[in-house]
Novice: 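Below you will find the structure I want to go over with you.
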Amino acid sequence: MPTLILSDGSRHTIPEGRPIAESLRIIAAKSGAVAVKTGDAMLDLYTPAPVEGEFTLVTKESPESLELLRHSVSHIMADAVMRLFPKVKLAIGPAIENGFYYDFDMEQKLIPEDLARIEEEMRRIVKENAIFRRFEMPRAEALARVRAEGQTYKAELIEGLEGDTVSFYESGKFTDVCRGPHLARAGFAGAFKLLNIAGAYWRGDEKNAMLQRIYGTAFWNETALKAHLAQVEEAKKRDHRILGKQLELFHLTDVVGPGLVLWMPKGSIVRMELENWIRRELLSRGYDVVYTPHIGRLGMYRTSGHFPYYQDSQYPPLIDRETMKQLADEKCSCGELCNRMEKGEVDGYLLKPMNCPHHIQIYKASQHSYRDLPVRLAEFGTVYRFEQSGELGGMVRVRGFTQDDAHLFCTPEQLEGEIASCVELTKLVLETLGLTDVVVRVSLRGPESGKYVGSAENWARAEENLRHVVKNIGMPYTEVVGEAAFYGPKIDFIVRDCIGRQWQLGTVQVDYNLPERFGLEYIGADNAPHQPVMVHRAPFGSLERFVGILIEHYAGAFPLWLAPEQVRVLPISEGQAEYAQGVLKGLRAAGLRAEIAPANEKIGAKIRQATMDKVPYMVVVGAREAEQGQVALRHRTQGDLGAMKPEELVERLKREIAEKK
RNA sequence: GCCAGCGUGGCUCAACGGUAGAGCGCCGCUUUCGUAAAGCGGAUGUUGUGGGUUCAAAUCCCACCGCUGGCUCCA
């Protein structure tokens with residue numbers, strides 16, 4: 001009798017003359033598996049399996065089983081939506097990281113209350129327990145079928161598919177074009193919840209129709225679902241927008257303008273500490289510090305290519321009064337004004353969207369020998385970008401932000417070494433702060449040629465340089481086409497916020513193009529002029545976004561060196577007021593950021609307040625301490641740490657600050 | 001920018017056509033207290049802005065502004 005070998009080593013005899021798929025299904029079902037895998041391909045239990053091969057069972061414990069579940073639940077949801085709103089056109093409905101979505105094109109606007117109705121319908125479908133039956137048909141036939149059903153998006157999908165046949169899944173009366181795999185039956189659907197409704201352009205392109213997207217999530221059981229939802233709720237409490245308000249770190253108001261951050265005193269401390277730290281690191285690495293203005297002439301940005309390449313995400317140019325008046329007299333329209341500015345007939349100033357053109361002018365201000373290179377110009381440079389209103393959010397997506405920017409000008413031979421040390425610095429930043437959930441992305445040029453400046457050779461060289469470095473940094477990375485800056489490819493460091501969204505922080509970018517456009521030079525050993533290569537880099541990315549992410553990372557409880565208030569002195573009663581003031585003065589004199597709790601509260605209340613304010617250390621001073629010239633130390637999470645001399649305390653805290661822990 | 005939802009004292013929320021309210025915070029007084037909330041009293045709102053419907057609007061309608069979640073773009 002034939003024997004099937006599963007990759008767990010178990011051997012299974014199969015009755016002769018029966019399809020192998022059926023045997024696999026029986027084996028899988030017996031073991032509680034929901035699918036089987038051969039190589040990278042997951043096969044559901046009703047899909048014909050290849051006759052030979054090694055099979056792994058996919059159980060409910062494996063992460064990919066959740067993907068399968070969620071994909072199937074998204075189909076069940078689509079089925080439910082179609083039952084409730086028969087005219088709906090289906091777009092796509094994949095499983096995503098923590099759940100699934102499905103996009104619909106329908107007349108009726110979905111409202112949150114509809115979700116409950118849809119869920120109810122879904123439960124009915126689950127109860128019906130139909131088999132997810134896979135079948136295939138030739139392309140032309142498939143196309144005719146979906147067209148007859150009026151499913152125009154599905155037709156578009158089929159047109160884009162490779163291969164001669166198209167697979168469908170049918171469960172009950174619902175059929176969908178789908179690659180699979182799926183649950184064996186709708187009844188296995190487990191626990192699910194629909195979460196929210198959102199708009200989404202068909203294929204993500206704003207020229208296309210706006211579809212209605214329903215997001216949801218699913219787990220194998222109620223407990224896991226509840227745990228996940230609770231975890232999401234918990235994560236929301238770390239949201240930097242909430243903590244930023246509670247802890248008075250920053251403020252946003254439409255009086256100043258959307259996306260324009262006001263750093264409050266406490267938030268400013270965090271930023272200042274980060275700036276001071278990194279500035280010392282830069283100086284020790286041979287960087288020079290520079291300062292440049294916030295605006296620059298249009299001509300400079302025409303040379304750099306920011307204007308017009310980057311035009312859409314800039315605040316409109318500033319024009320002086322005289323010119324404006326003159327143009328008004330000429331009855332110049334706005335459209336015409338734009339044209340004339342693009343042509344360079346009208347001058348103006350731009351709020352700087354990037355610091356590089358200014359730094360380039362500093363480089364150009366003096367002659368450079370190959371002996372001077374690399375020149376590394378660093379600045380906490382504030383830039384302004386007119387982001388689309390719908391994109392703004394808290395500190396992580398704003399219209400004015402400060403980059404810990406620097407531009408390195410070096411010889412081609414020095415380039416890879418410079419890139420590598422920038423990457424090292426970025427890693428140091430992330431490691432020091434314990435940001436470990438970081439993804440490295442190599443962002444390359446995409447096919448749209450209109451978005452980029454420079455020659456194909458320059459791009460190829462730059463991409464080669466980056467790949468070469470990134471291979472040696474010991475971090476896994478992915479390459480993404482179409483994510484490059486307009487002047488060059490880059491290595492990006494991407495982290496997640498409290499609700500799982502990914503944000504780019506640090507970046508290292510190679511640029512052969514701006515040196516060319518600005519005609520940069522250095523004199524080589526051969527006594528002839530050569531063109532330097534530029535590296536743009538920012539280990540934090542932007543201080544706004546970085547601090548926003550950091551607030552969430554620490555849940556507002558900053559380590560001692562970053563804490564806006566490091567110590568709070570808590571007198572037990574008025575009797576120790578004078579002694580407590582002395583302790584406070586001593587701490588401040590030692591360079592610690594210390595405050596004193598307001599009088600007229602019991603010690604318990606003072607402790608509670610300081611803990612909620614996330615002050616790392618409290619020193620309790622009562623009659624006992626005053627008498628012995630001591631302080632009783634308390635940590636916000638570790639509790640009472642015992643009594644000690646103020647000098648001991650200072651030494652202890654200074655050590656902790658130096659360690660940045 | 002587009003789709004959807006939401007804007008009520010400093011904060012979190014209630015009132016959902018009929019006199020805007022609670023908790024926390026804030027201010028004052030009493031209490032001076034030993035490791036996560038002392039007691040009493042008080043002030044605080046042109047309900048985001050502007051129009052409209054109505055005898056009457058926080059509540060219904062329209063426009064704008066802002067925020068939140070997505071789509072697209074980026075640090």
Novice: Have a look at Ala610(A) and say if it touches a base, only the backbone sugar-phosphate, or nothing, with a 4.0 Å heavy-atom cut-off.
Specialist: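 It contacts nothing in the nucleic acid.
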Novice: Determine the contact category for Val383(A): base if any of its heavy atoms lies under 4.0 Å from a base atom, sugar-phosphate if only primed atoms, P, OP1 or OP2 are that close, otherwise nothing.
Specialist: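 Here Val383(A) touches no strand at all.
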Novice: Could you tell me how far G39(B) sits from C6(B) if I compare only their C1' atoms? Round to whole Å.
Specialist: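 The answer is 39 Å between these two C1' atoms.
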Novice: Answer yes or no: side-chain N or O of Arg203(A) and base N or O of C71(B) forming a donor-acceptor pair under 3.5 Å.
Specialist: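 Side chain to base: no pair present.
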Novice: Give me the distance, rounded to whole Å, that separates U31(B) from A22(B) when you measure between the P atoms they each carry.
Specialist: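 About 28 Å, rounded to a whole number of Å.
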Novice: Mind checking Glu483(A) for me? I need base, sugar-phosphate or nothing, with any heavy atom below 4.0 Å counting as a touch.
Specialist: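 Here Glu483(A) touches no strand at all.
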Novice: Look at the side-chain N and O atoms of Arg501(A) and state whether any lies under 4.0 Å from the OP1 or OP2 oxygen of G70(B).
Specialist: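 Answer is yes, contact under 4.0 Å.
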Novice: Using the C1' atom in both, what is the distance from C26(B) to G45(B), to the nearest Å?
Specialist: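 To the nearest whole Å, 15 Å.
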Novice: What is the distance from CG of Asp640(A) to P of A36(B), rounded to the nearest Å?
Specialist: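 In whole Å, A36(B) P and Asp640(A) CG are 9 Å from each other.
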Novice: Output yes when at least one side-chain N/O atom of Ser389(A) is less than 4.0 Å from OP1 or OP2 of G1(B), else no.
Specialist: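 Looking at the OP1 and OP2 atoms of G1(B), one of them is under 4.0 Å from a side-chain N or O of Ser389(A).
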Novice: Whole angstrom is fine here: how far is it from NE2 in His635(A) over to C1' in A36(B)?
Specialist: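 After rounding, the gap between these two atoms is 15 Å.
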Novice: Taking the six-membered ring of Phe386(A), is NZ or CZ of Arg399(A) closer than 6.0 Å to its centre and within 45° of its axis?
Specialist: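 Output yes; distance and angle both within limits.
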Novice: So what does Gly622(A) hit on the nucleic acid, given a heavy-atom distance under 4.0 Å: a base, only sugar-phosphate, or nothing?
Specialist: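 Base: the residue Gly622(A), judged by heavy atoms under 4.0 Å, touches a nucleobase.
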Novice: Salt-bridge test for Glu648(A) and Arg652(A): reply yes if a basic N is under 4.0 Å from a carboxylate O, no otherwise.
Specialist: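 Result for this pair is no, no salt bridge flagged.
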Novice: Do Glu206(A) and U72(B) have a side chain to base donor-acceptor pair shorter than 3.5 Å?
Specialist: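 Such a pair does not exist between side chain and base.
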Novice: With centres under 5.5 Å and planes under 30° as the test, does Tyr215(A) stack with G70(B)?
Specialist: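 No, aromatic ring not over the base.
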Novice: I want to confirm an ordering. Mapping Leu505(A) and Leu392(A) to their closest nucleotides on RNA chain B, which one lands closer to the 5' end?
Specialist: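 Its nearest nucleotide being more 5', the pick is Leu392(A).
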Novice: Write down the distance between OH (Tyr101(A)) and P (G69(B)), rounded to a whole number of angstrom.
Specialist: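 Going from OH in Tyr101(A) over to P in G69(B) covers 18 Å.
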Novice: What integer number of Å spans the C1' atoms of C29(B) and G69(B)?
Specialist: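 The answer is 48 Å between these two C1' atoms.
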Novice: Identify, between Glu601(A) and Pro258(A), the residue whose nearest nucleotide on RNA chain B lies closer to the 5' end.
Specialist: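 Looking at the nearest nucleotide for each, Glu601(A) comes out on the 5' side.
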Novice: Using the rule given for salt bridge (Lys or Arg N to Asp or Glu O under 4.0 Å), can you reason through Asp239(A) versus Lys236(A), listing the C-alpha separation, both sets of side-chain angles and the distance that settles it, and then say yes or no?
Specialist: CA-CA 5 Å; Asp239(A) 191 318; Lys236(A) 278 187 191 159; over 6 Å; no
Novice: Any base atoms under 4.0 Å from Ala198(A), or only sugar-phosphate, or nothing? Heavy atoms, all strands.
Specialist: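 Answer is base: heavy atoms of Ala198(A) come under 4.0 Å of a base.
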Novice: To the nearest angstrom, how far is Met612(A) atom CE from A37(B) atom P?
Specialist: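 Taking CE of Met612(A) and P of A37(B), I get 10 Å after rounding.
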Novice: Indicate yes or no for a side-chain donor-acceptor contact from Lys352(A) to the backbone of Pro293(A) under 3.5 Å, with no hydrogens or angles considered.
Specialist: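 Side chain of Lys352(A) to backbone of Pro293(A): a pair is present.
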Novice: Under 3.5 Å, side chain of Trp503(A) to main-chain N/O of Phe546(A), donor-acceptor pair present?
Specialist: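 Answer holds: no.
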Novice: Does the base of U30(B) carry an N or O that pairs as donor and acceptor with the side chain of Asn600(A) under 3.5 Å?
Specialist: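 Under the 3.5 Å cut-off, the side chain and the base do form a donor-acceptor pair.
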Novice: Over how many whole Å does the gap from Tyr579(A) atom OH to G34(B) atom P extend?
Specialist: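 For the pair Tyr579(A) OH and G34(B) P, the rounded distance is 18 Å.
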Novice: Under 4.0 Å from OP1 or OP2 of C74(B): is there any side-chain N or O of Gln504(A) that close?
Specialist: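 Checking Gln504(A) against C74(B): no side-chain N or O falls below 4.0 Å of OP1 or OP2.
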Novice: Between G69(B), G34(B), C3(B), which nucleotide gets closest to the side-chain atoms of Met210(A)?
Specialist: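 So the side chain of Met210(A) is nearest to C3(B).
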Novice: Taking only the side-chain nitrogens and oxygens of Arg241(A), find out if one of them lies under 4.0 Å from OP1 or OP2 of U68(B).
Specialist: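 So the side-chain polar atoms of Arg241(A) do come within 4.0 Å of the phosphate oxygens OP1 or OP2 of U68(B), strictly under.
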Novice: Is there a donor and acceptor pair, one atom on the side chain of Tyr201(A) and one on the base of G1(B), closer than 3.5 Å?
Specialist: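 Side chain to base: pair found, below 3.5 Å.
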Novice: For Lys109(A), report the nucleic acid contact type (base, sugar-phosphate, nothing); a contact means any heavy atom under 4.0 Å.
Specialist: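 Answer is sugar-phosphate: Lys109(A) comes under 4.0 Å of backbone atoms only.
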Novice: Would you say Lys490(A) places a side-chain N or O within less than 4.0 Å of OP1 or OP2 belonging to A75(B)?
Specialist: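 Answer yes for this pair, as a side-chain N or O of Lys490(A) is under 4.0 Å from OP1 or OP2.
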Novice: Look at all strands and tell whether Ala538(A) reaches a base, only sugar-phosphate, or nothing, counting heavy atoms closer than 4.0 Å.
Specialist: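 Ala538(A): no heavy atom of the nucleic acid under 4.0 Å.
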Novice: Can you identify which nucleotide, out of G34(B), G1(B), A75(B), has its nearest atom closest to the Glu625(A) side chain?
Specialist: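 So the side chain of Glu625(A) is nearest to G34(B).
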Novice: Grab the CG-C1' distance between Asn208(A) and C71(B) for me, whole Å please.
Specialist: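 Roughly 11 Å, once rounded to whole Å.
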Novice: Does Arg70(A) count as lying over the ring of Phe100(A), i.e. NZ or CZ under 6.0 Å from the six-ring centre, within 45 degrees of the axis?
Specialist: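 The answer is no; the distance or angle limit is not met.
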Novice: Regarding U72(B), can its base be found pairing with the side chain of Glu391(A) as donor and acceptor, where the two atoms are less than 3.5 Å apart?
Specialist: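 Flag set: donor-acceptor pair detected.
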Novice: Using atom C1' of each nucleotide, how far apart are C62(B) and G21(B) to the nearest Å?
Specialist: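 Comparing C1' positions in C62(B) and G21(B) gives a spacing of 30 Å.
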Novice: Just name whichever nucleotide pairs with G66(B), Watson-Crick or G-U, keeping both distances under 3.5 Å, else none.
Specialist: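 Pairing partner: C6(B).
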Novice: Is any NZ, NE, NH1 or NH2 atom of the basic residue among Glu391(A) and Arg397(A) found under 4.0 Å from an Asp or Glu carboxylate oxygen of the other?
Specialist: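 Looking at Glu391(A) and Arg397(A), the cut-off is met.
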Novice: Just call it for Arg213(A): base, sugar-phosphate, or nothing, with non-hydrogen atoms closer than 4.0 Å on any strand.
Specialist: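 Arg213(A): backbone/sugar contact only, no base atoms under 4.0 Å.
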Novice: Please tell me which of the listed nucleotides, G5(B), C71(B), G69(B), lies nearest to the side chain of Pro112(A)?
Specialist: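 Among G5(B), C71(B), G69(B), the one nearest the side chain of Pro112(A) is G5(B).
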Novice: Sub-3.5 Å donor-acceptor pair from the side chain of Ser74(A) to the main-chain atoms of Gly93(A), do we have one?
Specialist: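 Yes: the side chain of Ser74(A) pairs with the backbone of Gly93(A).
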